Student: 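Below you will find the structure I want to go over with you.
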2 protein chains.
Amino acid sequence: MSGIRALQKEKTRRQLIDAALGQLSSERSFSSLSLREVAKEAGLAPTSFYRHFSDMDELGLTLVDEAGLTLRQLMRQARQRIDKGGSVIQISVRTFMEFIENNGNIFRLLLRERSGTSPAFRAAVNREIRYFTLELCDYLQQANKLDAEVAYLQANAAVTIVFSAGSDALDCDKKDLAQLAQRTIKQLRFIARGAFEFGVRNENRSLKVKGETK
Amino acid sequence: MSGIRALQKEKTRRQLIDAALGQLSSERSFSSLSLREVAKEAGLAPTSFYRHFSDMDELGLTLVDEAGLTLRQLMRQARQRIDKGGSVIQISVRTFMEFIENNGNIFRLLLRERSGTSPAFRAAVNREIRYFTLELCDYLQQANKLDAEVAYLQANAAVTIVFSAGSDALDCDKKDLAQLAQRTIKQLRFIARGAFEFGVRNENRSLKVKGETK
DNA sequence: TATTTCGGTGTACACATGTACGCTATTCTA
DNA sequence: TAGAATAGCGTACATGTGTACACCGAAATA
């Protein structure tokens, strides 16, 4: 049951995954990788690939899962830092930026496949981002006592802004990175402030703003 | 000088461009198009392609320019509507959503190539988006009398949110589209409100919020 | 009108790709 | 320990790719 065989299989499976991840770069997308390239990089014969994945797509979806895992691990890391005290927004952005510096290619994978050609990929990436957003939403809702809808809208907007900043960071000179982070922090504050104002209104009045409802 | 020849050339050049645009879809990205496919779709022999573009990349950059043009035309359309009166945010979002419904594949092109593998493509797309943002920034600055930096941050955030919503719209059931638009509008209001608050503070006080400066 | 230019064609080639098939050696199972 | 299962290999093939090359006929130019 220990499975000296199953163990070896798991190992070369990892080699394939790592080979694929290793080939990703700013100038190489997953969809541009060929089965043969990945197999070769992993030190395998092309046809051996099929012993582990039926498809490049199957490998790709595995990579997206992997990325999602890394993303959630990131969240935990941020939480720990926040619980130790400090500005939530500031720490979150800093954490995210560090993530991108260390996992640029994984982040690229997410960004690219989110708007890619495979519905399955798009769904997978969106699922991961939704988790990410919902966790933030929960946090906002109970930390700031916001209306559920407002909290979701804020979380969604914040994630969008941060991901976009991350995307910019990938093409950024290292020296401009701090400025980018500062701008992002300010934008998140706009959103937080706006959400707060509207959240309060929602509680006290009957949501009537500038006579635009209906 | 009229050039019956140059005229014909321009015409088949357009055929190539249109052929490429026509092949784009949710499941087909530009980078997955082959020179031969495009030529065939345009009714040309593969080798004739070279009479017009040295490369598929060159065609691609032309497409991005085309998309930028459509984007700016969109802006003008929105301006006209706004000048006729109505909520700026509401009209802008509506206009953008219509754009996406009618030009889904062009918008997909922008989204994909922005995070694509070609630095030239990324630069081109970002340039178009920057124009878009700066125009909005000007508008905000003079309409709301905001601090220049605050106006830019608001414009940038707003464009990010709207583009992201556009991306979602592409994968959206038609019936959910109205909801998506509503949510986007609310998020833009958050940003506008937040920017306004911070903008005002910037004028009157010395920017000290929650003791987070420094 | 004689000559040049040039958009378009068809042929041809080298190359990379996905994958079907059969084989081997090692591990697992009965 | 005999037999089944299976991870990995090499060969082979059909297909699609970019593009070099020589050629043609119509438009442009002199």
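This one's a predicted model, so the numbers in the text were calculated from it and none came from an experiment. Here is the naming used below: chain letters follow the sequence lines, and residue numbers restart at 1 for every chain. All heavy atoms count here, side chains included; hydrogens, waters and symmetry mates do not.
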Student: Take atom NZ of B/K9 and atom P of D/dA28, then tell me their distance rounded to the nearest Å.
Tutor: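 After rounding, the reported distance stands at 13 Å.
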Student: Is the shortest side-chain N to carboxylate O distance from A/D171 to A/R108 below 4.0 Å?
Tutor: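 Here A/D171 does not pair with A/R108 in a salt bridge, since their nearest N and O are not under 4.0 Å apart.
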Student: Between B/L33 and A/L44, which is nearer to the 5' end of DNA chain D once each is assigned its nearest nucleotide?
Tutor: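 Looking at DNA chain D, the more 5' nearest nucleotide goes with A/L44.
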Student: In whole Å, what is the span from the CD atom of B/Q15 to the P atom of C/dG7?
Tutor: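 Distance, rounded to whole Å: 15 Å.
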Student: Give every residue pair that meets the ring-ring contact (aromatic ring centres under 6.0 Å, His included) criterion with at least one member in residues 170-195 of chain B, sequence neighbours excluded.
Tutor: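 Every ring-ring contact (aromatic ring centres under 6.0 Å, His included) pair that includes a residue of residues 170-195 of chain B, provided the two are not neighbours, is A/F198-B/F190.
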Student: What is the distance, to the nearest angstrom, from the NE2 atom on A/H52 to the C1' atom on D/dC9?
Tutor: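 The distance from NE2 of A/H52 to C1' of D/dC9 comes to 12 Å, rounded to the nearest Å.
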Student: The side chain of A/T12 is closest to which nucleotide in this list: D/dG8, C/dG8, C/dT19?
Tutor: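 Closest nucleotide to the A/T12 side chain: D/dG8.
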Student: Where the side chain of A/P46 is defined as all heavy atoms beyond and including C-beta, which of C/dG18, C/dT19, C/dG8 is the nearest nucleotide?
Tutor: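 Nearest to the side-chain atoms of A/P46, counting from C-beta on, is C/dT19.
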Student: CG of B/D57 versus C1' of D/dG18: gap in Å, rounded?
Tutor: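 Roughly 13 Å, once rounded to whole Å.
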Student: Consider the side chain of A/R36, meaning its heavy atoms from C-beta on, and name the nucleotide among C/dA12, D/dC9, C/dT19 that approaches it most closely.
Tutor: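 For the A/R36 side chain, the nearest candidate turns out to be C/dT19.
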Student: Check every atom of C/dG8, D/dG18, C/dT27 against the side chain of A/I4 and return the nucleotide holding the closest atom.
Tutor: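 For A/I4, the side-chain atoms sit closest to C/dT27.
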Student: Look at the side chain of B/R51 and decide which nucleotide, out of D/dC9, C/dG8, C/dG18, has an atom nearest to it.
Tutor: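 Nearest listed nucleotide: C/dG8.
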Student: For the pair made of NZ in B/K40 and P in D/dT19, what is the distance, rounded to whole Å?
Tutor: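 Interatomic distance, NZ of B/K40 to P of D/dT19: 18 Å.
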Student: For B/G43 and A/D55, take the nucleotide of DNA chain C holding the closest heavy atom to each; which residue's nucleotide lies nearer the 5' end?
Tutor: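 Nearer the 5' end of the strand: B/G43.
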Student: Expressed as a whole number of angstroms, how long is the span from A/L16:CG to D/dA7:P?
Tutor: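 It is 13 Å, rounded to the nearest whole Å.
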Student: Taking only the side-chain heavy atoms of B/S48 (C-beta and beyond), determine which of C/dG8, C/dG18, D/dA27 contains the nearest atom.
Tutor: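 The answer is C/dG8, which lies nearest to the side chain.
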Student: On the nucleotide D/dG16, are OP1 or OP2 found under 4.0 Å from the side-chain N or O atoms that B/S34 carries?
Tutor: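 No, outside the criterion.
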Student: Name the one of A/R14, A/R72, A/R13 that satisfies salt bridge (Lys or Arg N to Asp or Glu O under 4.0 Å) with A/E66?
Tutor: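 Testing A/E66 for a salt bridge (Lys or Arg N to Asp or Glu O under 4.0 Å) against A/R14, A/R72, A/R13 leaves exactly one candidate, A/R14.
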Student: Consider the side chain of A/R5, meaning its heavy atoms from C-beta on, and name the nucleotide among D/dC9, C/dT5, C/dT26 that approaches it most closely.
Tutor: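 Nearest listed nucleotide: C/dT26.
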Student: Between A/T12 and A/L16, is the side chain to side chain contact (heavy atoms under 4.5 Å, CB included) condition met? List the steps.
Tutor: CA-CA 6 Å; A/T12 78; A/L16 280 170; 5.6 Å; no
Student: Any side-chain N or O of A/T47 under 4.0 Å from OP1/OP2 of C/dT19?
Tutor: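 For A/T47, the contact criterion (side-chain N or O under 4.0 Å from OP1 or OP2 of C/dT19) is not met.
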Student: Measure up the B/F132 and B/F163 rings against each other and bin them: parallel (under 30°), tilted (30 to 60°), perpendicular (over 60°).
Tutor: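 Perpendicular: the ring planes of B/F132 and B/F163 meet at over 60°.
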